[in-house]
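Beneath this line is the structure, given in structure tokens, with notes to follow.
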Amino acid sequence: MKKSIKIIGYILFAIVVFAVFILYRIYDYQLEPIAFDKTKFAAVDSDEKLDNLARDLVKQMSLDEKIEQLYGRPMSDALIFVGNSAIFDRATAMFAGGNERLNIPAYAFSDGPRGVRANKERSSGDKLGVTSFPVSMARGASWDIGLESQIYDVIGKEMRASGINYTGTPTINLLRHPAWGRAQEVYSEDPWLMGEFGLAAVNALQHHNVMSCAKHFALNSIENSRFVVDVDVDERTLREVYLPHFKKVVQEGQVASLMSSYNKVLGEYASNNRYLLTDILRDEWGFKGFVSSDWFFGTYDGIASIQAGLNVEMPYQKVYQVDTIKQGIVDGEITEADIDKLVFDTLRTQLKFGLAQDPMAYPDSIIATADSIELTRIAAEKSMVLLKNSKVKNGHSKNRPVLPFAKDSNKTVAVIGRLADMENLGDTGSSKTTEPYVVTPFEGIRDYNKKLGNKVILDNASDLITSKALAEKADQVIIVVGYTHVEEGEFLLASEEANKAAKQGKRTGPKTNGGDRETLKLNPEDEALIKALAKTNDNLVVVYVGGSAIDLSSWDSEAPAILFSWYSGMEGGNALANILYGDVNPSGKLPFSIAKQESDYPYFTPYTEQITYGYYHGYTLFDKENIEPAYPFGFGLSYSNYGYSNLTIQTPELTSSDTLKVTVTVTNNGKVAGEEVVQLYLGFDNSTVDRPVKLLRDFDKFHLNVGESKTVNLTVDAKDMAWYNPEAKAWEIEKMIYQVYVGASSAKQDLLISEFTII
Ligand code: BGC
């Protein structure tokens with residue numbers, strides 16, 4: 001008896017020691033060094049030298065050492081990641097690669113669509129967070145590529161200062177349907193807009209020698225069934241709609257890496273998909289970087305992944321097991337040369353960035369500086385979209401738009417809604433950030449009104465009668481509605497449960513976090529609030545917080561003004577106040593179409609094992625089927641109004657290797673300065689094949705003072721007019737007359753039209 005108690009005691013003691021050891025390892029999480037010791041390597045000033053160096057290093061590795069390069073870290077390290085997140089709310093960097101014997105350091109991964117995900121503590125022990133920007137969809141609505149470059153310049157620097165040189169951003173999957181849970185992480189429904197933003201992100205990150213990993217390759221536009229869904233797509237749709245933005249970051253951005261998606265494409269998981277990872281990506285596009293898998297649940301079969309061309313399994317070793325790989329070589333399914341090739345791609349990329357000269361140093365002090373925080377506010381201001389701004393009678397007795405609100409003093413301002421005072425920056429999955437502070441809508445409006453001498457009352461809308469009474473007596477009313485990470489975002493419910501549900505074609509029970517939206521309508525409480533208050537006060541604006549399109553049909557006509565403010569980052573509340581009171585003139589435009597009713601969009605379900613992505617969605621679908629949207633792609637109001645004139649085709653006849661050149665004059669006819677986004681679409685009325693009515697092919701955003709006119713130059717390379725002929729397996733440029741539409745949105749009435757010929 002005594003003996004067995006003693007044994008139990010020893011066992012318990014051992015368990016406690018082990019637990020303490022593990023806890024300590026979790027607590028004592030350290031960044032691995034990622035800098036190359038450049039004294040150990042000859043300078044690599046040409047592609048050839050780089051290739052030779054990488055080849056030489058691979059040659060020096062044993063098979064076991066090479067296999068080690070094929071996955072992040074051993075599965076046992078998962079405890080460090082999970083433990084840090086669960087116990088210390090700390091997002092750790094994830095490491096891969098490295099070989100001490102050959103002086104190769106590891107590389108360190110963090111996500112980052114709206115800022116650095118991995119929250120390193122500063123060397124001072126100070127836990128101040130990183131700069132948190134408005135979500136990507138908001139930035140897409142800014143239509144400002146220069147701004148995106150500035151944003152990723154900051155994110156790139158903060159990555160490096162955080163010990164990161166490999167990042168899972170930008171996310172460039174297409175918004176096929178607005179209910180997609182991760183809509184906020186991407187830029188648009190349109191491949192062109194997506195590609196231009198993706199390219200800006202990649203260039204800015206890679207300028208700081210951060211290897212960008214664009215994701216998720218490919219067709220990852222449903223969230224809840226992402227682990228099981230098989231996306232069927234025809235060849236033209238794949239090439240013309242779902243891949244162009246990936247091709248752009250590969251060919252024009254020389255992106256270091258891509259992340260394979262969780263889903264299947266044409267019957268094969270993306271990580272096993274040779275057609276995607278080798279035939280298209282490497283053989284056709286000439287990709288020279290490396291592909292890593294999406295995390296934990298993204299790999300299925302080590303041999304198939306090697307055959308397909310998946311370079312690195314992230315973040316842990318699951319299917320790239322030493323025994324499996326060696327057996328595969330013995331069985332002749334793969335060769336050691338296949339492994340060499342995969343390691344070569346990764347190592348070559350790592351060396352290219354790791355041995356390059358850094359443009360600057362990256363001390364902790366560059367994280368969340370006053371300048372970068374100011375940039376988040378500017379980004380939020382430039383991305384907010386004013387959808388509606390009715391003319392109302394107000395105190396000044398003449399008709400004027402609701403916004404901007406008058407800057408009177410001694411007034412009462414009511415800020416109403418569940419989300420009015422919530423720190424609500426969007427997804428809390430992989431795109432989450434830890435920031436020093438967040439300015440909520442209420443805080444921004446309150447602080448703004450302090451200087452005017454107004455009283456700002458917050459009401460969280462728990463009782464409609466109280467809210468209504470408040471709205472009636474207030475001078476200005478701001479209703480804040482929309483979503484949080486609970487209604488949309490990365491789906492974080494146990495994946496097994498989600499998979500099972502997807503297979504049965506149903507949802508998983510009460511939602512815990514994120515996922516696709518079940519409906520495009522706002523929550524019933526929000527709709528009830530808008531309806532109860534909309535008519536109580538002329539000076540009332542509905543501010544929507546979220547990352548995608550909504551169905552606003554049941555309250556649109558009642559709301560005097562509507563502003564899409566998105567998940568607007570840590571300075572969002574200040575930006576909102578600046579827009580509402582006219583310190584900043586709104587200039588955002590919708591990066592997607594808003595339908596009048598949900599049934600106008602293509603078929604979508606969060607719970608399915610199979611779906612077909614068709615050639616048309618978004619504005620191309622609405623154009624083709626003559627469906628009038630509630631608010632068209634590219635639409636957004638301003639406090640000013642801009643006139644378009646003199647659309648001139650500078651190159652009326654082109655060959656298929658030329659560039660179309662167009663000019664148009666834009667004039668600010670309003671009473672305030674502002675920024676306008678001009679859009680150019682090409683039309684294909686004369687095509688002999690089925691083509692969209694029009695496609696976005698260029699845009700520009702610029703500032704105009706009151707009365708100022710500007711002649712804007714727009715261009716389209718003839719290669720970007722091509723369609724993919726699946727029979728010829730080639731891109732073809734039709735020799736015909738094309739339409740050119742230039743204007744303020746994708747709606748017919750906003751566009752000037754002209755034409756040119758490809759001869
Ligand atoms: C997401 C990726 C992300 C990865 C690492 C996955 O669940 O799909 O977008 O990069 O986690 O956080």
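Order of listing sets the numbers, starting from 1, for every ligand and every atom in it.
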Margin query: Please determine whether a side-chain nitrogen of the Lys or Arg among R73 and E68 lies less than 4.0 Å from a carboxylate oxygen of the Asp or Glu.
Written below: no
Next item on the list: Output the set of protein residues with a heavy-atom contact under 4.0 Å to ligand 1, ordered first by chain identifier and then by residue number.
Entry: F109, D111, R182, K215, H216, R226, M259, Y262, D294, W295, S430, E490
Checklist line | Straight-line distance of S257 OG to Q206 CD, nearest 0.5 Å | finding: 9.5 Å
Notebook entry, point to check: Any idea how Y544 and W566 line up, ring-wise: parallel (<30°), tilted (30 to 60°), or perpendicular (>60°)?
Noted result: perpendicular
Note to self: Taking D516 first and then R226, would you say they form a salt bridge - that is, a charged N and a carboxylate O separated by under 4.0 Å?
What the structure shows: no
Notebook entry, point to check: Do D234 and R239 meet the salt-bridge criterion of a basic N to acidic O distance under 4.0 Å?
Noted result: no
Check: Are R517 and E487 close enough for a salt bridge, meaning some N to O gap below 4.0 Å?
Finding: no
